[in-house]
Each structure stands twice: as C-alpha cells, then as structure tokens.
Chemist: 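Below is a structure I'd like to ask you about.
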There are 2 protein chains.
Amino acid sequence: MFLGRFAHALDAKGRLAVPARFREALAEGVVLTRGIDRCLSLYPMAAWRPLAEKVSALPITDPDARNFRRMVFAEATDLDLDGQGRILVPPELRRYAGLEREALVVGMDTAIEIWSPERWQAVEEVMEADGAEIAQRLASLI
Amino acid sequence: MFLGRFAHALDAKGRLAVPARFREALAEGVVLTRGIDRCLSLYPMAAWRPLAEKVSALPITDPDARNFRRMVFAEATDLDLDGQGRILVPPELRRYAGLEREALVVGMDTAIEIWSPERWQAVEEVMEADGAEIAQRLASLI
DNA sequence: CCACTTGTCCCCACTTTTCCCCACCGTTGT
DNA sequence: ACAACGGTGGGGAAAAGTGGGGACAAGTGG
C-alpha cells in the first residue's frame, strides 16, 4: 500500500531514490512506464503481470489494438532497485514526464506515480478549484 | 517478458544485436518472420511452436488462409544468436521491413518486433494523435 | 570431378555505456 | 549530542554494442 508524496532529486545520471518505506514492496522488481497525463507509473511486478496479460490478450487482428500494445510495452522498462534503493529513469521517460532536477514520488495505493513538480502543481490547482464538483460527478462510479 | 525499445545498428553484413536483457529467453533458438504492419517479428522457440500450430490448423479450403500461411512460413527463418548475441537478418526480410543502417528492437511482452525508425515513428504519431480515443475504445475489451 | 566464387559463421579487438560500490552529508529520533 | 538511517554524488570495473578479418562450407561453372 503506497501512500504519501515525496520530493526527491534526480541526479546527473537520471537516478531517483524511492522512498525507503516503499522499498520492501518493490524488492521483487518493478516496471516503470508512461502514465496517463504525462506522469510516470511504477508498478510492483506482482501488479504489472495481470495488467500486461490483459493487454497481450487483445485481438491481434485489430490494428488499433496492435498499436496500443506497442505503446504500452515499448515504453515500459523492467528494473530492479540498486543497492541504495534507487531506480534509473531512462532519458525517454524523463523527457515524456518533463523531469529535470526534481521529481515527486507519489503513492497511489497499488502503484506509484512520478511527477515533475510543475505538472503536479497544475493537477493540484485543478483539484483545489473544482474538487468538490469532480467528487460529485464521480459519486455514481463509487 | 520483453519490454522496452532499443536502437541498434545493422552492420554491413546485416547483423543485428539483440539487447542483452532479452538474450536469456532466446537461448533455445528463435524464429524470425514477417510481422504485420511491415515490421519483423522475433519469437522465442517456445512461443513459436503453438503459434505455428494455430496457423497450420487454418482451413486449407480458404484462399486467404492459404496465402496467410504462405506468407508466415515461406519467409520465416529459424536462427540462433551468435557468440555476441546477434541475429543475421536475411536480405529479403530487411527489404520487407525497410531496414537500412538503423533498427529498433521493441519488446512486446511475449515476442519482439523489429522496426525501421521511419515506420515506427509513423505508428507513434498515430498514437499521439488518437491514442486517447483508441485506449478508451479498447477499454471495453479489457 | 575439380576449381572457383559466394556467402556464412566464428572469433577477436575496440569503444562506449551501464551498473555496482563506496563515501559523504543532512535529518531524525533517542 | 550522538548514532543511525535515508538521500545524494561520483569513480571504477565489467559488460554490451560495434566492426572487421579469416576460416569454412555450399553452390556454380568449367
């Protein structure tokens, strides 16, 4: 269970420290991939497998499904934490998420998201302004 | 589990280095063949067998099935990696996929695809433009 | 049947990148 | 105040990618 938001630095090599309290759940390996809304998603291996299997099962006869699979798997990377509990974020993913010197590591219960501070702030502002409305609209889904 | 996208050079002899992290899963031999959408597909032998059996089982009475079968098997090659972990891409397949100096080796979970950079970019552009819609449409299949 | 040409494969060497390890520093909690 | 833990930074060893030379085998023509 991942909770909380942590500001960590990306060093010159593109490494990012995972909060110590998350590490135990990630010891079996992780998959880092593009998230929606220009953030990155980090899945523990156990959570990634069922997701990957669903995508793999999409009909190969459907051109859109083929391309969708390509985007999901081509941009994903399987990693292990290094001895210091860090992950290496590939340059392509760094660019996608707009990460430079600083990054926010955000617990999302079953997975982890990684945000550039600027983009995160934009999300926060939206929620601050329209949070009540948004919650109301989602009421039917819960 | 094959993940990620790697740019590697085809040398003058038509050899292509397979990313080191993929090699272990390919040690038992591989089959290289035409993929859909003008890329090449590289299957570990263990994944190829059931696929070949499915294609073989297609009804011989159907003209499309006959042609599909020819396309799959006639251009397929079974290979082993050389000492450096490379495969030799036959000229005919190189031409089919439009490969020249550079190639992208793309993990697709259960298999590997090989793309010319130009064609891959075209796929990326489609997904950038319509990715959100496509994802939404496919959501119903997942 | 033999010589020659062509293409394949194996091996070695070089360059670049990756990753592993160690050391430092700040913060937290005792 | 001190110890321990978590985060940050960098140097060096090992591996990966690339290129080319030479041996071998197969196919072709005389």
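Residue numbers begin at 1 in each chain, while the letters A, B, ... track the order of the sequences. The shown structure was predicted, so the numbers you read here are calculated from the model rather than taken from an experiment. Only this structure's heavy atoms are used, side chains among them; waters, hydrogens and symmetry mates stay out.
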Chemist: Test of understanding: with side chain to side chain donor-acceptor pair (under 3.5 Å), list the residues that count as partners of A:S56, not counting sequence neighbours.
Modeler: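 Partners of A:S56 by the side chain to side chain donor-acceptor pair (under 3.5 Å) criterion, ordered by chain and then number, come out as B:D109.
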Chemist: Side-chain donor-acceptor pairs under 3.5 Å in residues 120-133 of chain A, sequence neighbours left out?
Modeler:
unit_1, atom_1, unit_2, atom_2, d
A:Q121, NE2, A:E125, OE2, 3.3

Chemist: Can you name the side chain to side chain donor-acceptor pair (under 3.5 Å) partners of B:R94, sequence neighbours left out?
Modeler: none
Chemist: Residues sharing A:M1's hydrophobic cluster, by side-chain heavy-atom contacts under 4.5 Å among ILVMFWY, directly or via others?
Modeler: A:L3
Chemist: Earliest and latest nucleotide of DNA chain C, 5' to 3', sitting under 4.0 Å from a non-hydrogen atom of chain B?
Modeler: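 In short, chain B contacts DNA chain C from C:dC9 to C:dC12.
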Chemist: To the nearest 10°, let me know how far the axis at one end of the helix from C:dC1-D:dG30 to C:dT30-D:dA1 is tilted from the axis at the other, five pairs an end.
Modeler: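 Answer for the end axes of this duplex: 30°.
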Chemist: Excluding sequence neighbours, so at least two apart, what forms salt bridge (charged side-chain N to carboxylate O under 4.0 Å, His left out) with B:E53?
Modeler: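 For B:E53, the residues satisfying salt bridge (charged side-chain N to carboxylate O under 4.0 Å, His left out) (neighbours in sequence not counted) are B:R49.
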Chemist: Among all residues two or more places apart in sequence or in another chain, which pass the ring-ring contact (aromatic ring centres under 6.0 Å, His included) test with B:F22?
Modeler: B:F2, B:F6
Chemist: Testing the basics here: between A:E113 and A:C39, what is the closest heavy-atom pair and its distance to 0.1 Å?
Modeler: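 The pair with the smallest heavy-atom distance is CD-SG, 3.8 Å.
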Chemist: Among pairs that include at least one residue of residues 55-65 of chain A, which meet salt bridge (Lys or Arg N to Asp or Glu O under 4.0 Å), considering only residues two or more places apart or in two chains?
Modeler: A:D62-B:R137, A:D64-B:R137
Chemist: List, one per line, each side-chain donor-acceptor pair under 3.5 Å for residues 67-92 of chain B, sequence neighbours excluded.
Modeler:
unit_1, atom_1, unit_2, atom_2, d
B:N67, OD1, B:R70, NH1, 3.1
B:D82, OD1, B:Q84, N, 2.8
B:D82, OD1, B:G85, N, 3.1
B:D82, OD1, B:R86, N, 3.0
B:D82, OD2, B:R86, NE, 3.2
B:E92, OE1, B:R95, NH2, 2.4
B:E92, OE2, B:R34, NH2, 3.3

Chemist: Along nucleotides 16-28 of chain D, 5' to 3', which nucleotides get a B, which get an S, and which get a -, given that the test is a protein heavy-atom distance under 4.0 Å?
Modeler: SSBBBBB------
Chemist: Who pairs with B:Q136 by side chain to side chain donor-acceptor pair (under 3.5 Å), at least two apart in sequence or on another chain?
Modeler: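 Side chain to side chain donor-acceptor pair (under 3.5 Å) check on B:Q136 returns nothing, list empty.
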